[in-house]
Amino acid sequence: MAADPPVGPAAGVSSPAPDPSESDAALGRRAQMLATEHWGLLAARSTAQSEVLTRITIFLTLVSAGLLTIGLLGQATKFDGWFAGAALAILGFLALIGLMTQMRVFNVAEEDLMYVIAMNRLRGAYVDLDPPIERYFLAATADDMLGSQRTYSFLRTRGFSHLFGSSFMLILVVNACVVGLFLGGAILAAGGLMGWAVIAGILAAVLLLVGFGRYGFWTYQEAWRIHRPLRTTPQAVTEPAATAPGLDTPALGAPGATGTRRGSRRRSARS
């Protein structure tokens with residue numbers, strides 16, 4: 001990621017206005033190049049999302065087929081003989097594929113954040129070319145953490161429901177269950193007690209959930225530690241912008257953007 005120093009309202013520097021000496025053709029050529037890069041980022045983001053969803057679908061299909069196979073093997077062998085070895089082999093295979101899929105989900109989540117940051121930076125470049133258009137962007141024009149959060153959710157702050165219902169949590173829970181079944185089955189196959197097998201399986205699932213959760217949070221923090229934004233979100237902007245601002249609505253991040261124009265007009269009318 002770029003290591004340029006942050007600029008923008010929060011850093012005390014306003015967006016640079018276009019050079020008046022530049023011709024319309026030069027500005028149009030610059031806008032065309034930015035738009036081309038924007039479309040390239042959109043295509044790459046869409047490809048990554050499609051690929052990881054396909055990987056998740058393949059893994060869930062394998063889990064369903066594997067558990068069905070274990071059930072059929074149990075009926076055929078009356079859960080005796082070579083059944084334990086076959087079941088552990090299937091669960092071990094599913095656990096390995098699950099871990100690989102889990103890591104891919106993490107990587108695509110980081111790539112998606114990367115594309116969002118890059119597109120936010122391009123919107124900032126659009127605003128530099130034509131500052132009045134900033135009020136019409138619901139997605140953020142700042143490429144910092146607050147800007148990425150705004151782009152991911154225009155209307156309200158992302159909360160627990162977004163995390164709990166995400167593909168990240170889905171694959172993590174399924175993989176934790178598979179790993180727990182594998183460890184519990186291994187303990188039973190080694191002659192351990194059912195109670196110990198259940199406890200060990202639950203502990204393994206919980207540890208995997210916590211471990212991968214902490215790892216995901218660490219990668220998110222590490223990405224922001226490395227990244228150096230060009231534009232930062234004004235601290236005063238804590239809520240999403242209105243979807244249809246009035247003509248006299250101040251631009252986001254402008255000093256005193258709290259409706260002071262209307263108030264001054266009313267006071268001048270009364271005086």
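Treat the numbers as computed from the prediction; the structure is a model and nothing was measured.
If you take CG on Leu188 and CG on Leu183, they are separated by 10.0 Å, rounding to the nearest 0.5 Å. Between Leu96 atom CG and Thr101 atom OG1 the span is 9.0 Å, to the nearest 0.5 Å. A distance of 11.5 Å separates CG of Leu230 from OG1 of Thr141, quoted to the nearest 0.5 Å. Between atom CG of residue Asp112 and atom CG of residue Asn107 there is a gap of 12.5 Å, rounded to the nearest 0.5 Å. In this structure, Thr219 OG1 and Trp224 CH2 are separated by 12.5 Å, a value rounded to the nearest 0.5 Å.
Distance alone, capped at 3.5 Å, is enough to place a donor-acceptor pair between the His227 side chain and the Asp143 backbone. Ser46 places no side-chain N or O within donor-acceptor distance of the main-chain N or O of Leu42, the cut-off being under 3.5 Å. The backbone N or O of Thr61 sits nowhere less than 3.5 Å from a side-chain atom of Ser64 that would complete a donor-acceptor pair.
Closest approach of Val174 to Phe59, counting heavy atoms only: CG1-CE2, 3.7 Å. The two atoms that bring Ala95 and Val179 nearest to each other are CB-CG2, 4.1 Å, heavy atoms only. Summarising the geometry of Arg55 relative to Met100, their closest heavy-atom pair is NH2-O, 3.7 Å, with the distance given to 0.1 Å. A pairwise comparison of heavy atoms in Asn120 and Ala142 identifies ND2-O, 3.1 Å as the closest pair. In this structure, Leu94 and Gly66 approach most closely via the heavy-atom pair CD1-CA, 4.2 Å. Between Ala84 and Ala189, the closest heavy-atom pair is CB-CB, 4.3 Å.
Annotation: side chain of Thr157 is not in contact with side chain of Gln149 (no heavy-atom distance under 4.5 Å). You'll find the side chain of Arg123 reaches within 4.5 Å of the side chain of Thr151, heavy atoms only. Counting heavy atoms from C-beta outward, Trp82 and Leu73 have side chains that approach closer than 4.5 Å.
Ionic pairing of Arg104 and Glu111 is present here: one or more N-O contacts between side-chain nitrogen and carboxylate oxygen are shorter than 4.0 angstrom. A salt bridge is absent between Arg150 and Asp144; no separation between the charged side-chain nitrogens and carboxylate oxygens falls under 4.0 Å.
Clustering ILVMFWY residues whenever any of their side-chain heavy atoms sit less than 4.5 angstrom apart, transitively, puts Met114 in a cluster other than the one holding Tyr215. The hydrophobic cluster containing Val105 does not contain Tyr115, counting ILVMFWY residues as joined when their side-chain heavy atoms lie under 4.5 angstrom apart, directly or transitively. Ile187 and Phe182 are not part of a single hydrophobic cluster, where members link through side-chain heavy atoms under 4.5 Å apart. Residues Ile97 and Leu209 fall within the same hydrophobic cluster, defined by Ile, Leu, Val, Met, Phe, Trp and Tyr side chains chained together at heavy-atom separations under 4.5 Å. Phe106 and Tyr152 fall into different hydrophobic clusters, where Ile, Leu, Val, Met, Phe, Trp and Tyr side chains are chained together by heavy-atom contacts under 4.5 Å.
Cluster note: Phe160 groups with Phe164 through ILVMFWY side-chain heavy atoms spaced under 4.5 Å, whether in direct contact or through intervening members.
Counting only residues at least two apart or in different chains, side chain to side chain donor-acceptor pair (under 3.5 Å) contacts with residues 158-176 are absent. Sorted by first and then second residue, the ring-ring contact (aromatic ring centres under 6.0 Å, His included) pairs involving residues 31-54 (not counting sequence neighbours) are His38-Tyr126.
More than 12 heavy atoms of other shown residues, nucleotides or ligands fall within 6.0 angstrom of atom CE in Met103.
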Subject >> Stepwise side chain to side chain contact (heavy atoms under 4.5 Å, CB included) check, Leu208 with Leu172 >> reply: CA-CA 8 Å; Leu208 190 140; Leu172 185 56; 3.6 Å; yes
Subject >> Residues Met119, Arg45; criterion side chain to side chain contact (heavy atoms under 4.5 Å, CB included); working and verdict >> reply: CA-CA 10 Å; Met119 287 187 282; Arg45 185 185 184 191; 3.9 Å; yes
**OP:** Go through the steps to decide whether Leu41 and Leu122 satisfy the test side chain to side chain contact (heavy atoms under 4.5 Å, CB included), and finish with yes or no.
**Re:** CA-CA 10 Å; Leu41 292 172; Leu122 290 180; 3.8 Å; yes
**OP:** Give the C-alpha distance, both sets of side-chain angles, the deciding distance and a yes or no for side chain to side chain contact (heavy atoms under 4.5 Å, CB included) between Leu146 and Thr232.
**Re:** CA-CA 8 Å; Leu146 292 177; Thr232 55; over 6 Å; no
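Aromatic pair Phe212/Phe168: centroids not less than 6.0 angstrom apart.
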